[in-house]
Amino acid sequence: QVQLAESGGGSAQAGGSLTLSCVVSGYIYSTYSMAWFRQAPGKEREGVALIVSDGSLAYADSVKGRFTISKDNVKNMLTLQMNSLKPEDTATYYCAVDNGARRSFGSILSARKLLYWGRGTQVTVSS
C-alpha cells in the first residue's frame with residue numbers, strides 16, 4: 001500500500017504563487033509515475049503535471065510555463081510549484097502515485113490497480 005498526504009493549499013491572488021507538497025510513504029516500485037491532478041466543482045478531474053521515474057515530465061497545456069513538478073527522493077516528497085496563478089486554477093488538487101508507471105493523464109485516470117490518491121488540498125485563486 002501507498003499513503004499520500006498533500007499540504008500547501010490555500011488562497012492566493014491572481015498572479016501569486018503557491019507550493020503544494022505531497023509526502024509519499026509505503027512501497028513504491030522501481031518504475032513509477034507521480035502526478036498532480038485537480039478537480040473544480042462540477043468538472044471532471046484533470047491532469048496537471050506528471051513525472052516518471054526515468055525523469056520524463058508532462059504538463060497540461062493550461063499550466064505550461066507556470067507550474068513546475070518535482071520530486072525529492074530523500075524526503076519522499078512530490079512538489080508542485082504554482083506561479084502566475086489564475087482564477088481558473090481554483091480547484092481541489094490531488095497527488096497520485098502510479099506503480100504501473102503510466103505516462104499519460106488519461107491512462108492514469110482509467111487505471112484500476114497500482115494507483116493511489118491523496119485526499120486533496122484546496123486551492124482558491126481570486127481575481
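The basis for the numbers below is simple: all heavy atoms, side chains too, and nothing from hydrogens, waters or symmetry mates.
- You'll find the side chain of Asp72 stays beyond 4.5 Å of the side chain of Thr79, heavy atoms only.
- Across all non-hydrogen atoms, the minimal contact from Gln1 to Gln3 is CB-NE2, 3.5 Å.
- Using a 4.5 Å heavy-atom cutoff, the side chains of Gln122 and Thr90 are in contact.
- Across every non-hydrogen atom of Gly8 and Leu18, the tightest pair is O-CD2, 4.2 Å.
- At least one donor-acceptor pair closer than 3.5 Å links the side chain of Ser33 to the backbone N or O of Arg102.
- Under the 4.5 Å side-chain criterion, counting only non-hydrogen atoms from C-beta, Gln81 is in contact with Ser17.
- Note: Leu85 CG to Thr124 OG1 = 10.5 Å, rounded to the nearest 0.5 Å.
- Across Ser84 and Arg66, no two heavy atoms sit closer than the pair O-NH1, 2.9 Å.
- Tyr32 OH to Tyr116 OH: the interatomic distance, rounded to the nearest 0.5 Å, is 15.0 Å.
- Here the OG-CZ distance, from Ser110 to Arg112, works out to 6.5 Å after rounding to the nearest 0.5 Å.
- Side-chain contact between Val63 and Arg38 is present, with heavy atoms from C-beta onward closer than 4.5 Å.
- Linking ILVMFWY side-chain heavy atoms closer than 4.5 Å, directly or via other members, places Leu115 and Leu109 in a single hydrophobic cluster.
- To the nearest 0.5 Å, atoms CG (Asp98) and CZ (Arg103) are separated by 11.0 Å.
- Tyr29 and Val52 sit in two unconnected hydrophobic clusters of ILVMFWY residues. Membership requires side-chain heavy atoms under 4.5 Å apart, directly or through other members.
- Follow the hydrophobic side-chain contacts under 4.5 Å out from Val125 and you reach Trp36 in the same cluster.
- Across every non-hydrogen atom of Pro87 and Ser126, the tightest pair is CG-C, 4.5 Å.
- Linking Ile, Leu, Val, Met, Phe, Trp and Tyr residues whenever their side-chain heavy atoms come within less than 4.5 Å leaves Phe37 and Leu20 in two separate clusters.
- In this structure, the side chains of Ile51 and Leu78 come closer than 4.5 Å at one or more pairs of heavy atoms.
- Val97 is not connected to Leu50 by any chain of hydrophobic side-chain contacts under 4.5 Å among Ile, Leu, Val, Met, Phe, Trp and Tyr, and they are in different clusters.
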### Message
Assess the residue pair Trp117 and Arg45 against the criterion (side chain to side chain contact (heavy atoms under 4.5 Å, CB included)); give the C-alpha distance rounded to whole Å, side-chain angles, the decisive distance to 0.1 Å, and a yes or no.
### Response
CA-CA 12 Å; Trp117 292 96; Arg45 190 168 297 191; 3.3 Å; yes
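- By the 4.0 Å N-to-carboxylate-O rule, Glu6 lies too far from Arg119 to be salt-bridged with it.
- Heavy atoms only, all atoms of each residue included: Leu4 and Cys22 are closest at CB-SG, 3.9 Å.
- Of the charged side-chain nitrogens involved, none lies within less than 4.0 Å of a carboxylate oxygen, so that Lys86 and Asp89 do not count as a salt-bridged pair.
- Nearest approach of Thr31 to Ser53, heavy atoms of both residues: CA-OG, 3.2 Å.
- Under the ring pair (Phe, Tyr, Trp, His ring centres under 6.0 Å) criterion, no residue pair touches residues 49-97, with sequence neighbours excluded.
- The main-chain N or O of Tyr27 is found under 3.5 Å from a side-chain atom of Asn99 such that the two form a donor-acceptor pair.
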